[in-house]
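Every chain is numbered from 1 and lettered A, B, ... according to where its sequence line falls, protein lines coming before strand lines.
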Amino acid sequence: MGLELFNTFILLLLVVAAIVALRVKDLLTASVVFGVYSFLMCLLWAEMGAVDVAFTEATVGAGISTVVMIATIFNLKRKSSD
Amino acid sequence: MMENAIAWILIFPLFGSVACAILGMTNRKICYPIAVLSLACALWAGIETLNQLIASEEHTVAYLLGGWTLDAYPRGVGIELHADILGILITLVVLGVGLIVSVYSKLPVQEETPGKEPLFYTLFLLQVTGLAGICLTGDAFNLYVLIEVAALTGYGLIAMGSNRAAAATFNYVMLGTIGASFYLLGVGYLYIKTGTLNMVGIHDVIEANGLADSATMQVAFVLIGMGILIKMAFFPFHAWLPNAYCNAPTATSSLLAPLVTKVMIYVMIRMVLSVFGVEFSFESTMWTDVVPWLVVVAIVCAAVMALAQREIKRMLSYLIVAEVGYMVGGVWIYNYYGFIGSIFHVISDACMTLCLFLGAGLILRKAKTTHFDGLRGLFSKMPLTMTGFFIGGFSIIGLPPTCGFFSKWYLITGGMVSERWEYMVVLMFSTMVMVVLFFRLIERIHLAVTESGQNLGHGHGDLGLTEEQTRFDEGPLSMLIPLLVSASVVLIVGIYNQDIVSLIEIFLDEFNLPRGEGH
Amino acid sequence: MFEEGAIINELFIERLNYLIYVVLLLIGLHAMISKNNLMKKLIGMSIFQTAIILFYVSVGVKEGASIPIYLPEHDPHGSHVSLGAGNETEEASHGPVVLEAGLIKKYANPLPHVLMLTAIVVGVATLGLALALCQRIYQGYGTIEEDEILAKIEREEMRAHPSVAVKSMESSKTATSKVKKPATKSKESSTLSAKRAKSNPKTKAKTAPSTSQLKSSRSKSASSQPKTSASKSSSAMAKPATSKPKTKAKTTARPKSASTAKKTAPSKAKPRTPKK
Amino acid sequence: MKKISLIPVLLVGALLVYAAQDFPEWGSPNSPASQSPVSSHFIANTGVDTEVPNMVTAVLADYRGFDTMFETVVVFIAGMAVLAILKNSSKKKAGSKEFEVDVEPDLIVTNTVRLLIPVIQIFAFYVLAHGHVSPGGGFQGGVVMGASFILIALSWDLDTALARFPADRCTLVAGLGIVLYAGIGLLSMFLGGEFLDYAELAQIFPVSREMARYHAMLGVEIGVGLTVTAIMFSLYANLSTEGRLKGGL
């Protein structure tokens, strides 16, 4: 049950993170929140026994993707209209 | 060596592309010969495979990569290259078009994207690898990876052009990703029910377990279908295509326009026939009734939109959308002749679109515009180019002896056999539209007069062309010869249509497709 | 009643994964379709893709199974066996054996994991490429808001081919499945064009004009609109290949600008080729 | 307009939820996916076929090695396409003041990173080489390795990182990774097997057929790692500077 609770908790957090990442107007914040989303995903997958996938998501989704996104936003405008 | 011919089809361009990337850093000029050479080798391997296929008993080759052979391991453990006549025919089309465009691309690439030749040829060869791989693979997930290979290279190739191209590519990326992801999701749904990813394996499980009524399978079918339709720019999802293709660099659009949509049609045929099976696809769902009407809407809309365009490349892009409608319709009217028509049309449409886009590239190069108003009197200036271009145009219209006539013939026969009058009517309608389109073009290209007959030229003679405008001024040979070759391919495919159709028949005979009475 | 409870139990407790994956997928898909900012679209795209990965990983879950790495007692090389049981080490030294059917249930299904490794990689590749496109678009148009990009493209096309502008406007609108109210759009674009006419196009133009700015300049731009577009189209008219004034061109939308263009056609020629 | 776009989204959602009730029981070992001969074969026979304890690695690099080859190609494509899109696109001059980062690299940051980088890189090698036994493999190792270079770029500046890993070398290394991968496959083809049939390598290396697969997988993973390392760094370098490879974040 404990694991299930953990599972449920992360799943709900995922939805929250996804919505926040899409609603927030500051792109820098959005990409950081997206990094959080990726890391939550990674936790979830590790919990579900997909360690390799979780590892990849931790390095790629939470790591490289976020860095690359921030690097891009550095060259663009930070504000978003929606 | 020979028994691995099917693997060589993919290995040659793959290594060629890496060679372009690495060697191109020191010597840019070396990329062009590498590209041409590797594609020529791949084409040779493809023809070799076709010969093997025809010689073999069951007309299929299952090449088990990694040595996970079928006798020692369960099917689907390894990845399988599964070539049958259909797959190898489309592969040959892909490789042939790739080869012709690679020859053609020498000057356009140098001029339009200076300094990026190595990158261009790297992506170009990988695009061909991806498309050829799509035609050969026998694994549903591997197909996804190859679709992405083809898609990503396509994005890169298109976005190498102008800023406008980049903006158009972004839409392409969005829609392309949605399409590929839907496909991936559909494969996941298949996997959850069948437990395998091998196409033959999936088909066997569906047959064995009677999964046709399962909701998951139905949804998987819809998802895969939707993904493929988005990827092939079927009418309501066509939005990415015209902008992407008409802003892309010349060589890119000449490669992508003939191939990408057609290869996705191939994927649809493969999914419908080999993966889901005829019964599942046509008889246990209502799609056989619905899709032809969607096709009708698609063709009409695309044809009307093509009519509204004033730019050759954009007009051709809409024509592609209309042609996609033909082929989808040919599959979904569900009979033997429709399938022959569809498959033959994939081949002939690739040839004629190639021809038209090569011609458009030459026109763009000379006239500096593809807008209709810039074309006046071009025929007397570049007669060979225009002849080639119009052979492609006549094929799109469907005049004999071009290949377009024969494929349309089979499509219409299919419509008649299935009594799908709406499909036939719409085919006629779009043929009319294409007649209008191309004869309007012919008029402009021959004359320098406006529609109302006002002579705009400053010269003498009936055409009102100046001396300078009539001077013979063809494009460079490295571009002209591929155009003429492709134009003659259009004619040859038309003349030898019976041979190709008999090959297609070998493929289709193993499926139990309705042929209608009296045929 | 009991059945209903079972369904809820099934859907919300046991299959929460399947439900949440749908929710995430829809959030991502909706963002991809409806967001205006390109970066936001990309974040939506990533969410969309991870949702699919979540689905696949959920497929691979097995109740009570361990991760798909052999436990020490099944390790092919037996080097990790630390348990004292003698016969186990002996078995390991004999080399690997095929697992019994009963033991198969103890390991999660590795296939979905493998597939998703590939899918993650494809996802990051697409993301990188799309980010590069974003930068390219920003260089070209000075903005990553979709409606503003469309407005600029439209203007660019109007300059290149006045006659096709109307049509291509339509197609580009459908192309992005994003339609703004035409009235505000044309005004906005003309505002931008007026602005750009004044400022050096190379400088990073302040895009995304605040609404107050827009409002204040709206009245001005509405009146100056025909003039601006006329001068724009005139500059494009004077192309070497198409130096004939196109009286028959379909400029019904802006008849005034067309006639102005005709008069001033062969003036300052600055052909803006599409390539570059 | 946002309302309208909701309609297709909700349609898709309805479709997916409709299918979800038909799914096999959650986590059931008897679901078709878990019970199929394919996945059973992977679990039961990976040890026998390849001697690799980590099934995911074995399936990734050997059973479905063809997929992974094209996955590597996809990464390569991404790198090349980003180069193609951004190269020479920026109108700003490379030396433009606007993007000059004139902040001195922070002492504390650089010294910490100086200590960290070797650890990260060793860890990357560990992840790559130990992927047969533990989670990890070429891709993860490559990303970690690439991240170490990105870290250099972030804490000093891009020039420092590029001095250690020049842009041209990125392309070279990435290409070599694919050549290594496909080359191993090609070699096994020349030895009489199918493409990517690593077992044939036992003919030229003094190991059993299973161990040939084992070691070839390591080679393949190294190929993946090379490509990914190079492309990840190249992606960052290009994206943070709009392709100018000067200044930047």
Side-chain angles (χ1 to χ4, degrees), chain C residues 10-11 14-15 17-19 21-23 25-26 29-30 33-34 58-65 67-70 74-77 80 96-101 103-105 107 109-115 117-118 121-122 124-126 128-129 131-133 135-136 139 177-180 202, chain D residues 1-2 5-6 8-10 12-13 16-17 20-21 23 25-29 31 33-34 38-40 42-48 51-56 58-60 63-64 67-68 71 74-75 77-79 81-82 85-86 89-91 133-135 137 139 210 228 235 238-239 242-243:
Chain C
E10 197 177 283
L11 254 184
E14 286 190 353
R15 301 194 172 189
N17 274 48
Y18 289 142
L19 198 73
Y21 117 77
V22 174
V23 171
L25 190 131
L26 297 187
L29 187 60
H30 185 241
I33 298 175
S34 73
S58 307
V59 172
V61 170
K62 242 190 246 178
E63 202 79 41
I67 57 172
I69 297 175
Y70 284 122
H74 305 135
D75 191 315
H77 302 294
H80 298 271
V97 285
V98 179
L99 281 199
E100 296 156 28
L103 286 174
I104 289 175
K105 287 186 181 161
Y107 295 100
N109 183 358
L111 186 53
H113 301 176
V114 174
L115 305 182
L117 280 180
T118 310
V121 177
V122 170
V124 74
T126 319
L129 204 153
L131 287 172
L133 281 175
Q135 297 201 350
R136 185 69 193 279
Q139 287 166 4
S177 68
K178 169 92 200 165
V179 186
K180 277 215 134 192
K202 266 191 185 176
Chain D
M1 195 55 211
K2 284 192 177 172
S5 71
L6 261 177
V9 171
L10 290 179
V12 172
L16 296 180
V17 173
Q21 1 151 342
F23 283 178
E25 217 173 301
W26 166 257
S28 150
S31 67
S34 304
V38 175
S39 92
S40 312
F42 288 147
I43 296 173
N45 294 39
T46 300
V48 184
E51 307 226 356
V52 175
N54 185 352
M55 298 164 213
V56 174
V59 179
L60 186 78
Y63 292 102
R64 299 186 68 86
D67 256 1
T68 311
E71 167 195 337
V74 165
V75 175
I77 292 170
V82 168
I85 294 169
L86 288 179
S89 71
S90 180
K91 293 191 187 83
V133 186
S134 64
F139 191 74
E210 290 75 34
V228 171
L235 267 186
N238 279 294
L239 285 175
E242 297 183 313

CA sep, side-chain torsions, deciding dist, call: C:Tyr18, D:Leu16, side chain to side chain contact (heavy atoms under 4.5 Å, CB included): CA-CA 9 Å; C:Tyr18 289 142; D:Leu16 296 180; over 6 Å; no

Chain C contact via D:Thr68 - which portion, at a heavy-atom distance below 4.5 Å: neither

Could you pull out the closest heavy-atom pair between D:Ala33 and C:Val59, with the gap in Å? CB-CG1, 3.9 Å

Taking the side chain as C-beta and beyond, is there a heavy-atom pair between C:Lys105 and D:Ile43 under 4.5 Å? no

Using 0.5 Å steps for rounding, measure from the NE2 atom of C:His30 to the CG atom of D:Leu6. 4.0 Å

For chain D, find which of C:Leu103, C:Leu131, C:Val121, C:Val23 contributes the most heavy-atom pairs closer than 4.5 angstrom. C:Val121

Would you name the heavy atoms of C:Ala132 and D:Leu86 that are closest together and state the gap between them? O-CD2, 3.7 Å

Residue part contacting chain C, namely of D:Tyr63, when any heavy atom lies under 4.5 Å: neither

Hey, are the side chains of C:Leu117 and D:Phe139 touching, using non-hydrogen atoms and a 4.5 Å cut-off? no

Residue C:Ile67 versus chain D: region with a heavy atom under 4.5 Å: neither

On a heavy-atom basis, the closest approach of C:Pro68 and D:Asn54 is O-OD1, 3.6 Å

Count the heavy-atom pairs under 4.5 Å between each of C:Ala125, C:Gly60, C:Pro112 and chain D, then report the option with the highest count. C:Ala125

What one should report as the nearest heavy-atom pair of D:Leu235 and C:Gly128 is CD2-CA, 4.3 Å

Does D:Val59 form a side chain to side chain contact (heavy atoms under 4.5 Å, CB included) with C:His113? I'd like the steps, not just the answer. CA-CA 10 Å; D:Val59 179; C:His113 301 176; over 6 Å; no

When you measure from the side chain of C:Gln135 to the backbone N and O of D:Leu239, does any donor-acceptor pair fall under 3.5 Å? yes

Closest approach of D:Val56 and C:Val114, non-hydrogen atoms and distance? O-CG2, 3.6 Å

Top contributor to chain C contacts, counting heavy-atom pairs under 4.5 Å, from D:Val228, D:Thr46, D:Val75, D:Asn238: D:Thr46

C:Tyr70 vs D:Val133 side-chain heavy atoms within contact, under 4.5 Å: no

Chain D: which of C:Thr118, C:Val124, C:Thr126, C:Leu29 shares the most heavy-atom pairs with it under 4.5 Å? C:Thr118

Can you tell me which of D:Pro8, D:Gly13, D:Gly79, D:Ala81 forms the most heavy-atom pairs within a distance under 4.5 Å of chain C? D:Gly13

D:Met55 versus C:Ile69, closest heavy-atom pair with distance: CE-N, 4.3 Å

How many angstroms lie between atom OG of D:Ser34 and atom CG of C:Asn109, to the nearest 0.5 angstrom? 5.0 Å

With a 4.5 Å heavy-atom cut-off, do C:Val122 and D:Glu71 have their side chains touching? no

Using non-hydrogen atoms only, which part of C:Ser58 is less than 4.5 Å away from chain D: side chain, backbone, both, or neither? both

Between CG on residue C:Leu26 and CG on residue D:Leu10, distance to nearest 0.5 Å: 7.0 Å

